Amino acid sequence: MQILVLVKQVPDTATRIKIDADGKDIQRDGLTWVLNPYDEYAVEEALLLKELHGGTVTVLTLGPAKADEALRSALAMGADEAVRVDGQPADALQAGWALAQAAKALAPDLILCGKQAVDDDQAEVGVLVAEFLNLPQVTVAVSLSVDPAAHSGQAKREVEGGVQQIAFSLPAVVTAQKGLNEPRYPSLPGIMKAKRKEITVQAADLGIAAGVELVRLTPPAPRKAGTLLKDLPGADAGRELIRLLHEDAKAI
Ligand SMILES: Cc1cc2nc3c(=O)[nH]c(=O)nc-3n(C[C@H](O)[C@H](O)[C@H](O)COP(=O)(O)OP(=O)(O)OC[C@H]3O[C@@H](n4cnc5c(N)ncnc54)[C@H](O)[C@@H]3O)c2cc1C
């Protein structure tokens, strides 16, 4: 079974983001970059399916040379092959197109990706890849099984108040939700092996016009300073706290 996993390098959510002078991008230097957390679930699921059914796990990213780090994280977890499509997508449509063209050439039985990337939070790329390749898609999966011989799969999705069970045919695209599995930590030999592994690099096919234009990025408004209740005896502090919650915060 050939499994392809789309992985994206994103800034660590704990890192402090600054916006460029032109307001159109973040300052990319000096950030801590990680493999998108939802993509870790996708990689783990691919490895579990390979352990059950055999085959190959290939990880694919679209981005600059720095994004090789995300590929190496996935290789260290146990992926077999890594491909980087070199390019700068202008929006999710271009990202989905470029990844779909690269995926088509690899002809996988299953494409896994995160349900969303935690930087842009668009949750569009997996869906677009499925549409461009005219494949069935299951989004936000919390469980997955496949029968490669029957070219079919089953997935579960959590919805408000219940669980949907979905049957689909392979090849298909499945986007991973938290809870799908527990991603493994890379082993030391895995990390060493991943450092030496060759990454295939190819030019991105960005042959579709961007659908939207990012106009401006704006940082969130600075938080108001907190209120410290001090020098009040216990009961008065309690009363004052309730008054503040009621009148200022309007929380009760
Ligand atoms: C190098 C680079 C430069 C960019 N420059 C710009 C820019 O100038 N202006 C602008 O508006 N946007 C830019 N973007 C953002 C780009 O448009 C977004 O990647 C795109 O909009 C997808 O949105 P998302 O990341 O929220 O993906 P989502 O749809 O939330 O991602 C869902 C899943 O799709 C997969 N995926 C997403 N992106 C990639 C990827 N690149 N490679 C592999 N898998 C992926 C992952 O599995 C991910 O979990 C850039 C992105 C990159 C990588």
Side-chain angles (χ1 to χ4, degrees), residues 6-44 63 66-67 69-70 73 88-96 113-128 138-143 155-164 174-183 185 210-252:
L6 310 182
V7 296
K8 188 181 183 194
Q9 189 181 43
V10 295
D12 187 336
T13 47
T15 204
R16 189 175 277 265
I17 302 284
K18 288 199 184 128
I19 295 173
D20 248 357
D22 70 356
K24 296 234 173 185
D25 201 354
I26 57 168
Q27 290 177 5
R28 291 172 181 264
D29 292 339
L31 296 180
T32 306
W33 295 85
V34 296
L35 174 62
N36 179 40
Y38 291 108
D39 301 356
E40 288 183 4
Y41 297 109
V43 173
E44 177 64 31
K66 182 146 186 61
E69 294 163 3
S73 299
Q88 297 251 131
D91 69 352
L93 194 69
Q94 270 197 349
C113 66
K115 70 156 182 162
Q116 72 192 76
V118 299
D119 51 357
D120 298 315
D121 275 333
Q122 302 202 76
E124 289 179 12
V125 166
V127 175
L128 285 163
V138 183
T139 54
V140 199
V142 290
S143 112
K156 286 186 181 157
R157 311 176 66 247
E158 274 173 4
V159 290
E160 189 68 33
V163 173
Q164 283 183 338
V174 178
T175 79
Q177 165 68 307
K178 184 176 178 185
L180 180 61
N181 51 49
E182 195 58 51
Y185 288 105
V212 293
E213 184 197 349
L214 175 70
V215 178
R216 173 155 280 276
L217 288 168
T218 318
R223 280 178 144 195
K224 279 195 345 194
T227 305
L228 188 61
L229 297 181
K230 55 178 185 180
D231 303 331
L232 284 175
D236 289 350
R239 267 190 289 279
E240 179 60 4
L241 178 61
I242 288 168
R243 188 193 68 75
L244 287 170
L245 285 170
H246 190 58
E247 293 175 14
D248 286 15
K250 304 208 186 307
I252 50 174

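Here the structure is a predicted model, which is why all the values come from computation and not from measurement.
- Using modelled atom types, no side-chain atom of D91 and backbone atom of A210 make a donor-acceptor pair closer than 3.5 Å.
- We find the CG-CG distance between D39 and L6 to be 8.0 Å, quoted to the nearest 0.5 Å.
- Minimum interatomic distance between V10 and V118 (heavy atoms only, all atoms of both residues): CG2-CG2, 3.7 Å.
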Exercise. Walk me through it: do T15 and I17 pass the test side-chain contact (heavy atoms from CB on, under 4.5 Å)?
Key: CA-CA 6 Å; T15 204; I17 302 284; 4.0 Å; yes
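- When all heavy atoms are compared, the tightest approach of A95 to V125 is CB-CG2, 4.1 Å.
- Using a 4.5 Å heavy-atom threshold, the side chains of K178 and Y41 count as touching.
- By the 4.5 Å heavy-atom criterion applied to side chains, E158 and Q177 are not counted as neighbours.
- Residues V140 and K115 approach most closely at CG1-CD, 4.2 Å, considering heavy atoms.
- No side-chain donor-acceptor contact under 3.5 Å links D20 to the backbone of D22.
- The nearest pair of heavy atoms linking Q9 to W33 is NE2-CB, 3.4 Å.
- Listed by chain and residue number, nothing satisfies the side chain to side chain donor-acceptor pair (under 3.5 Å) test with E40 (two or more places apart in sequence, or in another chain).
- Side-chain atoms of D121 never come within 3.5 Å of backbone atoms of Q116 as a donor-acceptor pair (strictly under, hydrogens ignored).
- In terms of heavy-atom proximity, I26 sits nearest to P11 at CD1-CG, 3.9 Å.
- Within a 6.0 Å sphere centred on NZ of K66, other residues, nucleotides and ligands contribute more than 12 heavy atoms.
- Salt bridge annotation for D120-K8: present, with a cationic side-chain nitrogen under 4.0 angstrom from a carboxylate oxygen.
- Atom CD1 of I242 sits about 10.5 Å away from atom CG of L244, to the nearest 0.5 Å.
- Here Q27 pairs with nothing under the side chain to side chain donor-acceptor pair (under 3.5 Å) rule; sequence neighbours left out.
- The nearest pair of heavy atoms linking V138 to A155 is CG1-CB, 3.9 Å.
- When the shell of 6.0 Å around CD of E182 is examined, it contains 12 or fewer heavy atoms from other residues, nucleotides or ligands.
- Side-chain N or O atoms of E240 include none that pairs as donor or acceptor with a backbone N or O of L229 at under 3.5 Å.
- Within the 3.5 Å criterion, the main-chain N or O of C113 finds no donor-acceptor partner in the side chain of T175.
- Q164 is linked by a side chain to side chain donor-acceptor pair (under 3.5 Å) to R157, counting only residues two or more places apart in sequence or in another chain.
- Atom CG of residue D25 and atom CD of residue Q88 lie 8.0 Å apart, to the nearest 0.5 angstrom.
- For the pairing with S73, the side-chain contact (heavy atoms from CB on, under 4.5 Å) check across V34, V7, L35 returns one residue only, L35.
- Within a 6.0 Å sphere centred on CZ of R243, heavy atoms belonging to other residues, nucleotides or ligands number more than 12.
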